[in-house]
Protein chains: 2
Amino acid sequence: MPAAELAELAALLADRTRAAVLVALLDGRAWTAGELARAAGVAPPTASAHLTRLVEAGLLREHRQGRHRYVRLAGPEEAALLEHLLAYAGPGRPAPTLRAATASAALARGRTCYDHLAGRLGVALADALVARDLLTADLTTTPAGLAWFDALGADFTGTRRPVTRACLDWTERRPHLAGAAGAHLCAWLHDRGWVRRSGTGRAVAVTDDGRVALADLLGLVAP
Amino acid sequence: MPAAELAELAALLADRTRAAVLVALLDGRAWTAGELARAAGVAPPTASAHLTRLVEAGLLREHRQGRHRYVRLAGPEEAALLEHLLAYAGPGRPAPTLRAATASAALARGRTCYDHLAGRLGVALADALVARDLLTADLTTTPAGLAWFDALGADFTGTRRPVTRACLDWTERRPHLAGAAGAHLCAWLHDRGWVRRSGTGRAVAVTDDGRVALADLLGLVAP
DNA sequence: GCGACGGTTCGGTCCCGGCCGAAGTGTCCC
DNA sequence: GGGACACTTCGGCCGGGACCGAACCGTCGC
């Protein structure tokens with residue numbers, strides 16, 4: 001019986017254009033319909049129909065503002081679902097063009113995964129937190145870790161969301177930190193100017209300040 | 001760039017018949033092509049083509065024996081992938097017919113998930129192991145747990161597979177025990193005759209002996 | 001040997017769904 | 001108010017792929 005629903009869900013992702021849209025939205029930001037049409041390489045009417053379908057299925061949430069239609073992933077569950085599939089589908093063969101190769105190298109170095117950090121940067125952060133006994137090996141908080149996040153201004157009370165979650169990284173094939181703590185850490189590093197989006201997409205790079213600060217704070221050799 | 005591979009993978013699952021085949025194979029057993037054709041409700045040629053496609057994609061492995069073509073899930077990764085999707089797609093609306101309702105009730109009570117136990121039974125087992133301090137709250141083994149599994153005859157050395165893994169249960173929406181330990185526990189309970197497949201599919205029920213033994217051993221009130 | 005059976009190959013049908021261009025609706029800005 | 005702009009609706013085209021029946025190939029059992 002659940003086979004029908006499985007097929008229905010998979011059908012939503014089984015189209016190059018919709019897949020491109022979802023992957024773009026994995027950066028956790030809201031995109032306009034036009035931006036997504038350009039990113040996916042299709043005409044506006046085509047993108048419009050796809051977005052309607054994804055919104056109706058509940059994978060995306062939309063927010064209309066003036067003449068713009070903003071759209072974003074519905075929530076962390078949807079991001080996790082996509083990450084699982086991407087982790088299985090794998091990075092595949094290397095990128096064919098130089099331009100694509102440098103872009104995917106930047107993504108492999110560091111990127112956002114919905115609302116937390118992934119790529120070599122994400123994995124290295126998780127490793128550093130484990131090495132400092134702030135997280136256990138399976139990425140749940142230790143008492144010291146809870147205190148540490150508290151010092152960062154995190155408040156995990158009153159949220160139904162798990163504080164920590166291990167998210168399988170689809171380039172590194174190792175888990176990085178997701179959940180409320182992962183999201184807070186990502187936002188905190190951005191606020192400090194220690195990491196910054198590079199380029200238009202999901203790629204994230206450590207700033208010079210960040211490189212020093214992270215080495216100092218966590219003994220992290222930033223990728 | 002990974003969008004194309006995501007769409008390709010999803011397309012494999014985006015068909016009712018292939019989805020039905022994969023869900024059937026989630027019991028971890030090898031099925032013949034004919035059995036799967038009947039289970040999915042299609043003619044033999046149709047099933048044959050689907051199986052070829054799934055095998056070529058690497059989701060299934062086949063084993064030809066005489067005039068039979070046996071087919072099974074390629075490995076635990078594939079099972080985990082399907083479970084993730086099913087957990088998201090959810091149990092949906094209740095079953096429309098009485099026959100289907102009793103079948104899905106049996107599945108919800110207990111079933112195999114590839115090679116370990118799931119459903120209320122699987123979740124209850126995991127809870128009992130946590131309560132006895134054999135597993136941590138996130139379903140990794142404690143030292144006592146390792147000793148306990150050792151006493152069960154489990155040998156986790158020399159396997160690349162994780163000893164424990166939390167697998168999100170798509171009926172209970174809570175994690176149950178997967179990984180090498182989950183598989184061993186499932187096999188061990190079967191060997192003892194404490195659980196037994198009921199019906200033709202994945203459903204599993206606790207036997208009378210098992211009910212007594214599990215209450216005795218783990219304080220478990222079997223579902 | 002010979003029939004029964006499981007599975008596959010082939011050919012043909014049919015339908016779903018992705019795509020775009022043109023035209024329409026509403027919003028913003030001057 | 002008028003023109004540029006973001007987006008949507010509509011109509012029509014086209015390709016892919018799911019399905020089956022018929023015929024074919026190998027294996028099993030007598």
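Quick note on labels: first sequence line is chain A, next is B, and so on, each numbered from 1. Not measured: the values here are computed from a predicted model.
Between A/H84 and B/H84, the ring planes lie parallel to each other; the angle is under 30°, not in the 30° to 60° tilted range. Using the six-membered ring where Trp is involved, B/F156 and B/H184 have ring planes that are perpendicular, over 60° apart on the 30 and 60° scheme.
As a whole-Å value, the separation of A/R53 CZ from D/dC7 P is 21 Å. One atom, CZ of A/R69, and another, C1' of D/dT8, lie 9 Å apart when rounded to the nearest Å. Between B/L51 atom CG and D/dC19 atom C1' the separation is 15 Å, expressed in whole Å. The distance from atom CG of A/L36 to atom P of D/dA6 is 14 Å, rounded to the nearest whole Å. Note: NE2 (A/H63) to P (D/dC7) measures 13 Å, nearest angstrom.
Protein chain A touches strand DNA chain C; the 5'-most and 3'-most nucleotides with an atom under 4.0 angstrom of its non-hydrogen atoms are C/dG18 to C/dC28.
Atom CG of A/L25 is separated from atom CG of A/L54 by 8.5 Å, given to the nearest 0.5 angstrom.
Defined by atom type and a distance below 3.5 Å, a donor-acceptor pair is present between the side-chain atoms of B/T52 and B/R69.
With A/V21 as the partner, the side chain to side chain contact (heavy atoms under 4.5 Å, CB included) test is satisfied by one option alone out of A/V42, A/L36, A/L59: A/L36.
Between A/E83 and A/R202, at least one side-chain nitrogen of the basic residue sits less than 4.0 Å from a carboxylate oxygen of the acidic one, meeting the salt-bridge criterion. Between A/R111 and A/D169 there is a salt bridge, since a side-chain N of the basic residue sits under 4.0 Å from a carboxylate O of the acidic one.
Judged by distance alone with a 3.5 Å cut-off, a donor-acceptor contact links the side chain of A/R67 to the base of D/dC5.
B/T17 comes within 4.0 angstrom of the backbone, heavy atoms only, and of no base. Contact annotation for A/R16: no contact, since no heavy-atom pair falls under 4.0 Å across all strands.
Along DNA chain C, the nucleotide closest to A/A43 and the one closest to B/E35 are compared, and the more 5′ of them pairs with B/E35. Take the nearest nucleotide of DNA chain C for B/P44 and for A/A11: the residue whose nucleotide is more 5' is B/P44.
Put simply, B/H68 has no side-chain N or O that comes within less than 4.0 Å of OP1 or OP2 on D/dC28. Under 4.0 angstrom from either OP1 or OP2 of D/dC20 there lies at least one side-chain N or O belonging to B/T46.
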